[in-house]
Every structure is written in structure tokens, then in C-alpha cells.
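These notes are about the structure you will find just below.
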Amino acid sequence: QVQLVESGGGLVQPGGSLKLSCAASGFNISTYVMSWYRQAPGKERELVVSMLTTGSSANYANTVKGRFTNTRDNPKNTVTLQMNNLKPEDTAVYYCKAARISTTYWGQGTQVTVSS
């Protein structure tokens, strides 16, 4: 069964850090582009970061560049998103995505709340 499961979300104060994980099962992420998206209530879903199959190329949104780091671990079939220096504007549901040209899988999302 194909599945993507996000974990690691929660409540953190501004300036704090969180680490999100995306665990895949039923398929091998080594042949998929892995991405993180986020969506806040009333706002459009936006791309946070994408990473090619080898992990040699990562594209970060300007709003998170320098604060977030995406890491691919193909042998463990997982992707992690280290989020540092979090801001209230980072509050959103974060979704993991695995994509080929003709195949796309989405996780159910994990809530990240940044508040004092």
C-alpha cells in the first residue's frame, strides 16, 4: 500500500525549531522528486522546498531560504525538513509530496503552529 506519513509538527515559540519527517511506504522515494508544501487557513498552498532524486539539487522558497533545510535519506525511505528560526508566518499545515512525471502522492499533513 502506498503511503506518505508526516510527523513532527507541533507548537513552538518564535525563534524556535522543529523537525518534520516524511516516511514513505509501498514505494521507493529514490525515483521521486520529494517536496514540502504548506497551507495556512484562507491562503493558497505554497511550495516550501523541492529536492531531486539524488539530493544534489534543492529549491527553497525565498521566505524560508537560510532557515529551512531539506534532507533526503533514500535508504531509510524518508525525508526530513529541519526548520529553524521559526516565525508566526510559518504557521500552516505542512504536506509531503512525492512526484514523478505521471505519478503524485500526498501525505495528510502535519500542523505547525508558531506562537508566543
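Remember, it's a predicted structure, so these values are computed and weren't measured experimentally.
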With a 4.5 Å heavy-atom cut-off, do P88 and P14 have their side chains touching?
yes
Is any side-chain heavy atom of V5 closer than 4.5 Å to one of Q3?
yes
Can you name the residues that form a side chain to side chain donor-acceptor pair (under 3.5 Å) with S30, not counting sequence neighbours?
N28
Side chain to side chain donor-acceptor pair (under 3.5 Å) partners of K43, counting only residues at least two apart:
none
Less than 4.5 Å apart, side chain to side chain, heavy atoms only: is that true for V49 and V64?
no
Pairing residues for D73 by the side chain to side chain donor-acceptor pair (under 3.5 Å) criterion, not counting sequence neighbours
none
Contact between V33 and M51 at the side-chain level, heavy atoms closer than 4.5 Å - yes or no?
no
Mind checking what makes side chain to side chain contact (heavy atoms under 4.5 Å, CB included) contact with V93, not counting sequence neighbours?
Y95, Q111
Going by side chain to side chain donor-acceptor pair (under 3.5 Å), name the residues that satisfy it together with Q82, two or more places apart in sequence or in a different chain.
N84
Member of T71, L20, N70, T69 meeting the side-chain contact (heavy atoms from CB on, under 4.5 Å) criterion with T80:
T71
Please test Q13 against V114 for side-chain contact (heavy atoms from CB on, under 4.5 Å), starting from the C-alpha separation and ending with a verdict.
CA-CA 5 Å; Q13 295 185 358; V114 185; over 6 Å; no
Check ring pair (Phe, Tyr, Trp, His ring centres under 6.0 Å) between Y60 and all other residues, then give those that pass, not counting sequence neighbours.
none
Test of understanding: with ring pair (Phe, Tyr, Trp, His ring centres under 6.0 Å), list the residues that count as partners of F68, not counting sequence neighbours.
none
Residues passing the side chain to side chain contact (heavy atoms under 4.5 Å, CB included) test with S7, sequence neighbours excluded, are S21
At what distance, to the nearest 0.5 angstrom, does OG1 of T113 lie from CG of L11?
6.0 Å
Is any side-chain heavy atom of E6 less than 4.5 Å from a side-chain heavy atom of L4?
no
Distance in Å, N85 CG paired with S17 OG, rounded so as to fall on 0.5 Å steps
6.5 Å
Can you pull out every ring-ring contact (aromatic ring centres under 6.0 Å, His included) where at least one residue sits in residues 21-54? Sequence neighbours excluded, please.
F27-Y32, F27-Y105, Y32-Y105, Y37-W106
Roughly how far, to the nearest 0.5 Å, is the CD atom of Q39 from the CD atom of E44?
7.0 Å
Running the 4.5 Å side-chain criterion over Ile, Leu, Val, Met, Phe, Trp and Tyr, what cluster does I101 land in, apart from itself?
none
Between I29 and A24, which heavy-atom pair has the shortest distance, and what is it?
CG2-CB, 3.4 Å
Name all pairs fulfilling the salt bridge (Lys or Arg N to Asp or Glu O under 4.0 Å) condition that reach into residues 100-116, sequence neighbours left out, sorted by first residue then second.
none
Quick check: do S115 and T91 have side-chain heavy atoms less than 4.5 Å from each other?
no
Find out whether M34 and S50 are in side-chain contact, i.e. whether some heavy atom of one side chain is under 4.5 Å from a heavy atom of the other.
no
Atom of G9, atom of V112 and distance for their closest heavy-atom approach
CA-CG2, 4.2 Å
Among pairs that include at least one residue of residues 81-97, which meet salt bridge (Lys or Arg N to Asp or Glu O under 4.0 Å), considering only residues two or more places apart or in two chains?
R38-D90, R67-D90
Are more than 12 heavy atoms from other residues, nucleotides or ligands located less than 6.0 Å from atom CD of Q108?
no
